[in-house]
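For reference, the structure is listed below as C-alpha cells.
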Amino acid sequence: MSTKYIFVTGGVTSSLGKGIISASLAKLLQSRGYSVTIQKLDPYINVDPGTLNPYEHGECYVTDDGAETDLDLGHYERFLNVPTSQANNVTTGRIYQTVIDKERKGDYLGKTVQIIPHITDEIKNCVTKLGNTGSYEIVITEIGGTVGDIESLPYIEAVRQFRYERGFDNVMVIHLTLIPYLKAAGELKTKPTQHSVKTLQSQGIQPDILVCRTEHELNDEQKRKIALFCNLSENAVIESRDAETIYDVPLLMKEEKLDQVVLERLKLQLRDEPTLKNWTDFLTKFKNPKRSIKVGLVGKYVELQDAYKSILEALVHAGVPNECSIEIVSFHSEEINRANVAEQLGSVQAIIVAPGFGRRGLEGKIVSIKYARENKIPFLGICLGMQCAVIEFARNVLSLNDANSSEMDSKTDHAVIDLMQDQKSVIDMGGTMRLGAYACEITPNTLAHRVYGRTEISERHRHRFEFNNEYKDEMEKAGMIFSGMNPQSGLVEIVELPNHPFFIGVQFHPEYKSTVANPHPLFKGLIEAAVKETEAVIA
Ligand code: GLN
C-alpha cells in the first residue's frame, strides 16, 4: 500500500485549532473507508511534554505505549476511536536527541552534523515511520507552532524535501489561517493570510488548501480574492466558521467538502460519501439533553481550561448516553477547607477529584472527598484523587491522623501511599513514572464490575506513587473495597466504598480512553448515579 501524506501548517496566530481541523479531516476520510492516522510534530526542545507545567501547555496526554504527549493526540483518539502511540508525537528535543545519540555513536562517520540534512532527515524519518507500518493509507502530520517562527523552519524545509522526493500527487499541504474581522471597519481582512502564505512560499511551499478560521461567513468575492492572491483554485479555499462545539467541526468541514478536495488532490477515489450517522446521533443527543447535572471538578490547575482537557471531554461523552447536559463547576482545591466545604460543594450532584502532583491544594482535595463520602455524593477520584480518597479514609475512618502520601510528607508514620522500592533510587524527572497501559483484574460483584461489565480491563497510568499494600487488610476490615488489582504486581488499581451511591477511586487515568464512539464506563457510571440520586430527590 502506498501511503499518502498530508501536512497541516498554521499561520497568522497560534491556537487556531489545527488539531481539531486535522482530527475532523481524518474523521471524514475514515468514514469514507480510509485508514488514517494523525501525527503531531512539536517544535519545542523538551523531549516530551511530560516535564511541562500544565499551566503552560495544558494536559499531558498518555498513550497505551506510555508516551507522554501533546493534548492534541487526545483529540485524535476521541475523534477517530483509534489508539495513537509514541510515533504520533515527536518534538524537536526528541529529534535532536536521536541525532546527537547517533553522532556520539559515530554513525555519521566523521561528517559535520547539520540541520540540513541531518535534522531534516530525522524529521522525515519520523513521518515515514508511521507510513511504513503499512497500517495507514493516509498519514496526516500536524506541524505545531506558526509558519515564520524560527523553530518551525527545519520542519517546513523537511516538508518541502519530502514533497519533492515523494511526488506531488502523494504529499499535500493544508495551511490553516485566520481571517480577522475588524469591527470598526465592519470587514473581514485577508491581508494577514496573504502574508502568511507568502512566508510559506518563500520557504518553498505552495499550500494546496487554505482553511480559513473566521467569525463571519466568507463570501464568494472574498474567497476569490484569497484564491487569487494565494495561487489557489477557489474550491481550495475552505471556510472554517467558529463552531458551537469541537464536535461540530467534522460536519462543517463536510459541508465545505474539505475531504473531497483532499482526495481529488491526492488522486484517491472518493469511495462512499461519509454519512457520519453515529456522529450526528451523538451531536443531536448532546444538543437536546433531557436533564442537567452539575459536576464539581476539584483540582489545582482549574484556571486553565486545557489542564484537564480529557476529563472535560470524557464528561461530554458521558452526558450523551445519559441524555444529560453537564455543567462543570471548577473548584480550586486550595480554596476549599473544612469550614467552607459544604457551602462550596453544596450545589453539585457529583464530585471528581483530579490528578495532580505535589502538596499544594492536597488538604482541600481530602476535605472534598470526606464531604462526598459522608453526604453520599457520587464521587470519582482519579490518580491523585484516588490516593487522596485512601488518605481520607485512613485519617477519618481508621483514625491514623497523620496518614499521608510520602510524596507530600516523607516523614509520616503512615505512608498509606508510597513509592515502590525499585523507584526510590530514580532521580530523573522525565519519563520515569509508571506510564501507559497496564492490565487490571476486577473483583466480581463490585461497583467496578457493574460499571465496566467485565473483569479484565486495561487502563493508562501516569504516576510514581502507589497504594501501600501494608495497609490493605486494615482498610479492608474498616470497609474499603479493593476492587481492581494489577495481576502481575499486585498493586491496587481501584478502591471503592459500599453503602454509597457511587464512590470509586482509580489509580489510572480513565479520561484518556473516552471517545465519542465509546464514552468511558466510569464517567458514564458517575453521571448515571448522579442522575439517579437527583431524580430520587425530586420524586
Ligand atoms: N502525584 C501522584 C503520583 O505521582 C499522582 C499523579 C497523578 O495524579 N497523575 O503518584
Side-chain angles (χ1 to χ4, degrees), residues 5-23 37-61 63 67-76 84 86-102 113-130 139-163 171 173-178 195-205 207 211 213 306 430-431:
Y5 295 88
I6 303 170
F7 290 91
V8 180
T9 57
V12 183
T13 71
S14 56
S15 307
L16 288 181
K18 277 192 299 258
I20 300 295
I21 292 291
S22 304
T37 190
I38 320 177
Q39 173 187 45
K40 172 115 192 245
L41 304 181
D42 273 312
Y44 50 74
I45 314 236
N46 303 64
V47 172
D48 61 43
T51 52
L52 286 171
N53 182 337
Y55 285 122
E56 247 183 69
H57 203 75
E59 160 192 280
C60 170
Y61 185 79
T63 57
E68 297 178 275
T69 71
D70 185 82
L71 56 79
D72 271 339
L73 269 78
H75 291 310
Y76 308 161
T84 53
Q86 178 68 71
N88 294 75
N89 189 202
V90 181
T91 67
T92 294
R94 188 172 297 277
I95 303 233
Y96 270 79
Q97 196 178 46
T98 313
V99 169
I100 291 169
D101 284 351
K102 279 191 198 165
V113 181
Q114 294 179 297
I115 293 183
I116 300 170
H118 302 101
I119 295 296
T120 46
D121 278 354
E122 192 51 41
I123 294 172
K124 289 187 283 178
N125 281 345
C126 290
V127 177
T128 3
K129 202 168 153 194
L130 269 180
V139 174
I140 301 179
T141 301
E142 178 193 342
I143 311 237
T146 310
V147 165
D149 295 347
I150 291 177
E151 294 94 337
S152 307
L153 275 173
Y155 289 95
I156 303 295
E157 169 60 13
V159 173
R160 190 196 64 73
Q161 294 176 14
F162 195 78
R163 181 145 79 160
V171 181
V173 176
I174 299 178
H175 189 55
L176 177 64
T177 73
L178 175 71
H195 280 297
S196 138
V197 171
K198 282 218 168 76
T199 306
L200 205 49
Q201 287 166 338
S202 73
Q203 293 171 10
I205 287 186
V211 177
R213 274 297 298 272
D306 277 354

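Along the sequence shown, the residues carry numbers beginning at 1. The figures here come from the full heavy-atom set of this structure, side chains too, leaving out hydrogens, waters and symmetry mates.
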Less than 4.5 Å apart, any side-chain heavy atom of [X] and any of [Y]?
X: Ile119; Y: Ile95; result: yes
X: Pro49; Y: Asn89; result: yes
X: Cys126; Y: Glu122; result: yes
X: Tyr76; Y: Asn88; result: no
X: Val99; Y: Lys102; result: no
X: Asp72; Y: Ile38; result: no
X: Val197; Y: Pro207; result: yes

Looking at every heavy atom in both [X] and [Y], which two are closest together, and how far apart are they?
X: Ala87; Y: Gln39; result: O-NE2, 3.3 Å
X: Ala67; Y: Gln86; result: CB-OE1, 3.2 Å
X: Arg213; Y: Gly17; result: NH1-N, 4.3 Å
X: Tyr155; Y: Asp42; result: OH-O, 3.4 Å
X: His118; Y: Val113; result: ND1-CA, 3.5 Å

Straight-line distance of [X] [atom1] to [Y] [atom2], nearest 0.5 Å:
X: Thr91; Y: Lys40; atom1: OG1; atom2: NZ; answer: 11.5 Å
X: Leu178; Y: Ser196; atom1: CG; atom2: OG; answer: 10.0 Å
X: Ile21; Y: Ile174; atom1: CD1; atom2: CD1; answer: 9.0 Å

